[in-house]
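Here's the structure we're looking at; comments come further down.
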Amino acid sequence: MNLSDNKINFSDLLSPTEASSLLQQLIQLKSHTERSSSNILSHDKNEYLKECRSQWQELSSTQSDDIYSAESIIDSERLATDWLIQLFNILFADQQVILVRSNDEPEYFPAQDNEPARIEFAHGFFASALHEISHWCVAGDARRQLSDFGYWYAPDGRSAAQQQAFERVEIKPQALECLFTLACGRNFQVSQDNLFADFDTSSSTFASDVYQQVQSYIAKPHTLPRDAKTLLTALLSACTSSSEISA
């Protein structure tokens, strides 16, 4: 792999064997660090994950059988996103947060007036949902009390200095997004989110920085944020076939 190439093949990072190994490491970490009473994969949630695995396999089978018309692609995206919303909202119900489709741009609203926090993702897109969840995982408890986690953001058309600042804060969220995406058996590509840049972006190391951060998380899963461990464990459990898990 050429780490200077912005078209890095991220699918090389998590083969079925590596996904199974990562899942086992995450389960072992959880068993050592969590009391059984607060176990994220309690009996009820384990039963729910079995149902999730069945639903995901059915979705995947339906997608592979479909003729790829625009209508079938939109329907598959909607069903997959419904599945993800339900999974997230059950996993993190005790944290008073919900994942919500937005008809507009993504935005995070902290909890207030007895209403749960809302992670709103763009236009119902599955990838956008994973991206916004990743920001929530990285933000931690303090910044979850702030609108949009208190992030600085400048829109597309950023200056070179603004783009460098943007890329620095996006490395870990996009690394988590990559892991979540690969766990679902989907392809991942980094997003520099600056299509209208009026400067040379060829020297950016952003893609390789994200790739290396993903490698680091895989090699040292204990460094993953707490809630990223929870979701990644659930996604790997649900989306990895039973034969791969037991291999």
Side-chain angles (χ1 to χ4, degrees), residues 10-60 83-99 116-117 119 129-144 171-186 188 212-247:
F10 285 87
S11 64
D12 292 340
L13 284 164
L14 207 61
S15 68
T17 300
E18 290 165 331
S20 178
S21 174
L22 179 56
L23 175 59
Q24 298 308 319
Q25 290 182 72
L26 288 167
I27 291 172
Q28 290 171 9
L29 281 171
K30 174 175 55 62
S31 68
H32 285 118
T33 59
E34 295 183 352
R35 295 171 298 182
S36 59
S37 61
S38 63
N39 193 330
I40 59 168
L41 297 183
S42 62
H43 175 74
D44 288 345
K45 287 184 178 177
N46 268 322
E47 290 303 309
Y48 173 70
L49 279 178
K50 289 179 183 177
E51 182 181 343
C52 275
R53 183 180 302 124
S54 175
Q55 292 171 349
W56 185 259
Q57 296 307 320
E58 184 176 346
L59 280 171
S60 300
W83 178 90
L84 179 60
I85 289 170
Q86 184 180 30
L87 174 64
F88 180 91
N89 290 348
I90 287 177
L91 281 177
F92 299 108
D94 59 340
Q95 296 202 43
Q96 296 298 300
V97 60
I98 55 174
L99 182 64
I119 303 170
L130 290 181
H131 183 81
E132 299 310 315
I133 290 170
S134 300
H135 275 291
W136 178 76
C137 289
V138 170
D141 295 333
R143 284 198 287 120
R144 289 177 187 177
I171 291 170
K172 287 187 176 180
Q174 291 204 29
L176 293 183
E177 180 190 351
C178 177
L179 279 173
F180 297 152
T181 303
L182 296 178
C184 295
R186 292 186 163 213
F188 172 81
Q212 289 170 341
Q213 182 62 60
V214 178
Q215 283 186 311
S216 177
Y217 280 144
I218 292 172
K220 297 178 287 187
H222 64 278
T223 63
L224 285 161
R226 176 195 65 203
D227 295 319
K229 291 190 188 87
T230 299
L231 181 60
L232 186 56
T233 301
L235 290 174
L236 287 168
S237 297
C239 303
T240 306
S241 71
S242 300
S243 60
E244 291 165 350
I245 291 174
S246 59

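When reading the values below, keep in mind they use all heavy atoms of this one structure, side chains included, and skip hydrogens, waters and symmetry mates.
- At least one side-chain heavy atom of Leu87 sits under 4.5 Å from a side-chain heavy atom of Leu49.
- Separating the SG atom in Cys52 from the CD atom in Gln57 is a distance of 11.5 Å, to the nearest 0.5 Å.
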Inset, instruction - Using the side chain to side chain contact (heavy atoms under 4.5 Å, CB included) rule, take Gln213 and Gln174 through it: C-alpha gap first, then chi angles, then the decisive distance, then the call. - result: CA-CA 9 Å; Gln213 182 62 60; Gln174 291 204 29; over 6 Å; no
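- When all heavy atoms of Thr223 and Ser216 are compared, the pair lying nearest together is OG1-O, 4.4 Å.
- Put simply, the side chain of Pro16 does not reach to within 4.5 Å of the side chain of Thr240, judged on heavy atoms.
- Summarising the geometry of Ala183 relative to Leu236, their closest heavy-atom pair is CB-CD2, 3.7 Å, with the distance given to 0.1 Å.
- Note that CG of Leu232 and CG of Leu14 are 8.0 Å apart. Values are rounded to the nearest 0.5 Å.
- Atom OG1 of Thr17 and atom CG of Leu22 lie 12.5 Å apart (nearest 0.5 Å).
- The nearest pair of heavy atoms linking Trp56 to Ala238 is CB-O, 4.1 Å.
- The CG atom of Leu176 lies 10.5 Å from the NZ atom of Lys229; values are rounded to the nearest 0.5 Å.
- Under the rule for a side chain to side chain donor-acceptor pair (under 3.5 Å), Ser54 has no partner lying at least two apart in sequence or in another chain.
- In this structure, the side chains of Pro225 and Tyr217 come closer than 4.5 Å at one or more pairs of heavy atoms.
- Side-chain N or O atoms of Arg53 include none that pairs as donor or acceptor with a backbone N or O of Cys239 at under 3.5 Å.
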Inset, instruction - Apply the test side chain to side chain donor-acceptor pair (under 3.5 Å) to residues Ser15 and Glu18: give CA-CA distance (whole Å), side-chain angles for both, the deciding distance (0.1 Å), then the verdict. - result: CA-CA 5 Å; Ser15 68; Glu18 290 165 331; 3.2 Å; yes
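- Remark: side-chain polar atoms of Thr181 are paired, donor with acceptor, to backbone N or O of Glu177 under 3.5 angstrom.
- Scanning for ring-ring contact (aromatic ring centres under 6.0 Å, His included) contacts around His135 gives His131, Tyr151, with sequence neighbours left out.
- Taking the six-membered ring where the residue is Trp, the centroids of Trp83 and Phe88 are separated by 6.0 Å or more.
- Between atom CG of residue Leu26 and atom NZ of residue Lys30 there is a gap of 9.5 Å, rounded to the nearest 0.5 Å.
- The backbone N or O of Leu99 sits less than 3.5 Å from a side-chain atom of Asn89, completing a donor-acceptor pair.
- In this structure, the side chains of Leu179 and Val214 come closer than 4.5 Å at one or more pairs of heavy atoms.
- Rounding to the nearest 0.5 Å gives a distance of 4.5 Å between OG of Ser237 and CG of Leu23.
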Inset, instruction - Kindly determine whether Cys137 and Phe180 satisfy side chain to side chain contact (heavy atoms under 4.5 Å, CB included), including the steps that lead there. - result: CA-CA 12 Å; Cys137 289; Phe180 297 152; 4.2 Å; yes
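- Between Gln25 and Ile218 the shortest heavy-atom distance is NE2-O, 4.4 Å.
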Inset, instruction - Could you go through the side chain to side chain contact (heavy atoms under 4.5 Å, CB included) check for Val97 and Arg144 one step at a time? - result: CA-CA 10 Å; Val97 60; Arg144 289 177 187 177; over 6 Å; no
Inset, instruction - Mind running side chain to side chain contact (heavy atoms under 4.5 Å, CB included) on Ile98 and Ile119 for me, showing each step along the way? - result: CA-CA 6 Å; Ile98 55 174; Ile119 303 170; over 6 Å; no
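- Between Gln28 and Gln24, the side chains place no donor N or O within less than 3.5 Å of an acceptor N or O (distance only, hydrogens not considered).
- At least one donor-acceptor pair under 3.5 Å links the side chain of Ser134 to the backbone N or O of Leu130.
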